[in-house]
Amino acid sequence: KHDRLVMSVSGHGERKLDGGAVHDMGEFGRQLAYKGFHTAATSLALIPEVPAEISVLLLTQPRTEISPGEVDKIRRYLERGGSLLWLLEPGSLKGMQPIVEALGLALTPGEVIDPAAPEAGFALTTAVAAQYGPHAVTSQFDLVTLYPHARPLGMNDDPGWRATPLIETSARAWVENGLADQQAIFNEGQDIPGPVVIGWALEREQEEIKQRVVVIGSGDFLANAYLGHA
């Protein structure tokens, strides 16, 4: 029985739900445990399929390439109606393009720069959430949340999902297509003005199951170094 099990993918340098390093997600793992969830990490290379009975599959940024066979297991899990939380960071997809296509995501280069962040004492490369979509995930949110090193996330016109923009920056933020650092300035014609969507909630009926997927364009916001600010 895998009820209330959050399974994270490992084996490619991903963030660990039980890790204590600043980039790991041990504090988030402890909060899940407090809410009654169990957590486990698995290498997709060592299992025939992602178990259909788990509550959610967690994908964080791989540091090495994921093999096509492993990606196929994720794709088949989605085809069977599995729920997914994907922390999709800037940079290379490391072989995950088929999952981008399966979800109907439209990805562009660049990283979010937000002038509101330094005013709150955080780096310019931290996106500040200004608006939350009408969704159960964010229905009780009335706090400012922060998303360091966030990438913009778009959706195709007809992805086959009901897509709700979950997290959006203010119009002051922009997508920086040059060097995203503390000296970044908006360049007309090169950078993309805000507001910028950095989180989506996707739903569909699949195999008589109400399937839910959440994609967030930042991994750092749940990392040990930042959790508590988000």
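Computed over heavy atoms, backbone and side chain alike; hydrogens, waters and symmetry mates excluded.
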Asker: Apply the test side chain to side chain contact (heavy atoms under 4.5 Å, CB included) to residues Ile66 and Met96: give CA-CA distance (whole Å), side-chain angles for both, the deciding distance (0.1 Å), then the verdict.
Answerer: CA-CA 7 Å; Ile66 295 183; Met96 294 290 285; 3.6 Å; yes
Asker: Sequence neighbours left out, cut at 3.5 Å: what donor-acceptor pairs do the side chains of residues 110-118 make with other protein atoms?
Answerer:
from, atom 1, to, atom 2, distance (Å)
Glu111, OE2, His149, ND1, 3.0
Asp114, OD1, Ala116, N, 3.0
Asp114, OD2, Val128, N, 2.9

Asker: Quick one: pull up NE2 in His23 and OG1 in Thr60 and give me the separation to the nearest 0.5 Å.
Answerer: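 Interatomic distance, His23 NE2 to Thr60 OG1, rounded to 0.5 Å: 9.0 Å.
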Asker: Can you list every pair that meets salt bridge (Lys or Arg N to Asp or Glu O under 4.0 Å) and has a residue in residues 28-43, with sequence neighbours left out?
Answerer: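 For residues 28-43, and leaving out neighbouring residues, the salt bridge (Lys or Arg N to Asp or Glu O under 4.0 Å) pairs sorted by first residue read Glu27-Arg30.
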Asker: What's the shortest heavy-atom distance between Ala150 and Pro90, and which atoms?
Answerer: C-CG, 4.0 Å
Asker: So do the side chains of Met155 and Leu202 get within less than 4.5 Å of each other, counting heavy atoms only?
Answerer: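 Yes, close enough: below the 4.5 Å cut-off.
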Asker: Could you pull out all residues at least two apart from Ala52 that satisfy side chain to side chain contact (heavy atoms under 4.5 Å, CB included)?
Answerer: Arg80
Asker: Determine whether Pro148 and Ser218 make a side-chain contact, defined as any pair of heavy atoms from C-beta on separated by less than 4.5 Å.
Answerer: yes
Asker: Of all residues at least two apart in sequence or in a different chain, which pass the side-chain hydrogen bond (donor to acceptor under 3.5 Å, both in side chains) check with Asp72?
Answerer: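 Partners of Asp72 under the side-chain hydrogen bond (donor to acceptor under 3.5 Å, both in side chains) test: Arg75.
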Asker: Could I get the full list of side-chain hydrogen bond (donor to acceptor under 3.5 Å, both in side chains) partners for Glu65, not counting sequence neighbours?
Answerer: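 For Glu65, no residue satisfies side-chain hydrogen bond (donor to acceptor under 3.5 Å, both in side chains) once neighbours in sequence are set aside.
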Asker: How would you list, by chain and number, every residue that makes a side-chain hydrogen bond (donor to acceptor under 3.5 Å, both in side chains) with Arg15, sequence neighbours excluded?
Answerer: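 Partners of Arg15 by the side-chain hydrogen bond (donor to acceptor under 3.5 Å, both in side chains) criterion, ordered by chain and then number, come out as Glu89, Asp220.
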Asker: Report the residues that fulfil side-chain hydrogen bond (donor to acceptor under 3.5 Å, both in side chains) with Ser67, sequence neighbours left out, ordered by chain and then residue number.
Answerer: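 Ser67: side-chain hydrogen bond (donor to acceptor under 3.5 Å, both in side chains) contacts with Glu70.
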Asker: Does any non-hydrogen side-chain atom of Arg76 lie less than 4.5 Å from one of Glu49?
Answerer: yes
Asker: Less than 4.5 Å apart, side chain to side chain, heavy atoms only: is that true for Val56 and Arg212?
Answerer: no
Asker: On a heavy-atom basis, which atom in Ala223 and which in Val22 lie closest, and how many Å separate them?
Answerer: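 It is CB-O, 3.4 Å.
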Asker: Is it possible for you to say whether Leu124 and Phe122 belong to one hydrophobic cluster, with membership spreading through side-chain heavy-atom contacts below 4.5 Å?
Answerer: no
Asker: Does the side chain to side chain contact (heavy atoms under 4.5 Å, CB included) test come out yes or no for Leu78 and Leu103, once each step is laid out?
Answerer: CA-CA 9 Å; Leu78 288 171; Leu103 298 177; 4.1 Å; yes
Asker: Donor-acceptor pairs are to be reported for all side-chain atoms of residues 167-175 against protein atoms at under 3.5 Å, with residues two or more places apart or in another chain.
Answerer:
from, atom 1, to, atom 2, distance (Å)
Thr169, OG1, Val196, N, 2.8
Ser170, OG, Arg172, N, 3.3
Arg172, NH1, Glu119, OE1, 3.3
Arg172, NH2, Glu119, OE2, 2.7
Trp174, NE1, Glu176, OE1, 3.0

Asker: Under the ring pair (Phe, Tyr, Trp, His ring centres under 6.0 Å) rule, what pairs show up with a residue in residues 68-112, not counting sequence neighbours?
Answerer: none
Asker: Which distance, rounded to the nearest 0.5 Å, do you find between the OG of Ser43 and the CD of Glu14?
Answerer: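 Going from OG on Ser43 over to CD on Glu14, the span is 8.5 Å.
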Asker: State, yes or no, whether a side-chain contact exists between Gln31 and Phe37 at a heavy-atom distance under 4.5 Å.
Answerer: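 No, too far: nothing below the 4.5 Å cut-off.
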Asker: Side chains of Leu88 and Leu107: closer than 4.5 Å at any heavy-atom pair?
Answerer: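 Yes, at least one pair of side-chain atoms sits under 4.5 Å.
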Asker: Does a side-chain heavy-atom distance below 4.5 Å link Val9 with Leu58?
Answerer: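 Val9 does not reach Leu58 side chain to side chain.
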Asker: What do the steps show when you test Leu59 against Leu84 for side chain to side chain contact (heavy atoms under 4.5 Å, CB included), and what is the final call?
Answerer: CA-CA 8 Å; Leu59 299 179; Leu84 177 70; 3.6 Å; yes
Asker: Please list all pairs meeting side chain to side chain donor-acceptor pair (under 3.5 Å) that have one or both residues in residues 185-200, counting only residues at least two apart or in different chains.
Answerer: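 Every pair satisfying side chain to side chain donor-acceptor pair (under 3.5 Å) with a residue in residues 185-200: there are none.
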Asker: Which residues satisfy the side chain to side chain contact (heavy atoms under 4.5 Å, CB included) test with Ile47, sequence neighbours excluded?
Answerer: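 Partners of Ile47 under the side chain to side chain contact (heavy atoms under 4.5 Å, CB included) test: Thr42, Leu44, Pro51.
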Asker: Test of understanding: with salt bridge (charged side-chain N to carboxylate O under 4.0 Å, His left out), list the residues that count as partners of Arg63, not counting sequence neighbours.
Answerer: none
Asker: Between the main-chain N or O of Gln183 and the side-chain N or O of Asp181, is there a donor-acceptor pair closer than 3.5 Å?
Answerer: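 The answer is yes, because a donor-acceptor pair under 3.5 Å joins these two groups.
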Asker: Step through the shown structure and confirm whether more than 12 heavy atoms of other residues, nucleotides or ligands are within 6.0 Å of NZ on Lys16.
Answerer: no
Asker: Over all heavy atoms of both residues, which pair between Gly199 and Ile216 is shortest? Give the atoms and the distance, please.
Answerer: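 For Gly199 versus Ile216, the nearest heavy atoms are CA-CD1, 4.2 Å.
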Asker: Output, in order, the C-alpha distance, side-chain angles, deciding distance and verdict of side chain to side chain contact (heavy atoms under 4.5 Å, CB included) for Phe28 and Leu17.
Answerer: CA-CA 7 Å; Phe28 178 56; Leu17 271 175; 3.6 Å; yes
Asker: Would you say the side-chain atoms of Arg4 pair up with the backbone N or O of Ser55, donor to acceptor, closer than 3.5 Å?
Answerer: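 Not a single qualifying donor-acceptor pair exists.
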Asker: Under 4.5 Å between any side-chain heavy atoms of Glu203 and Lys210, yes or no?
Answerer: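 When only atoms from C-beta onward are counted, Lys210 and Glu203 do touch, with a gap below 4.5 Å.
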Asker: Please check if Val100 and Val213 belong to a single hydrophobic cluster, counting links between Ile, Leu, Val, Met, Phe, Trp and Tyr side chain heavy atoms closer than 4.5 Å.
Answerer: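 Yes; Val213 is reachable from Val100 via cluster members.
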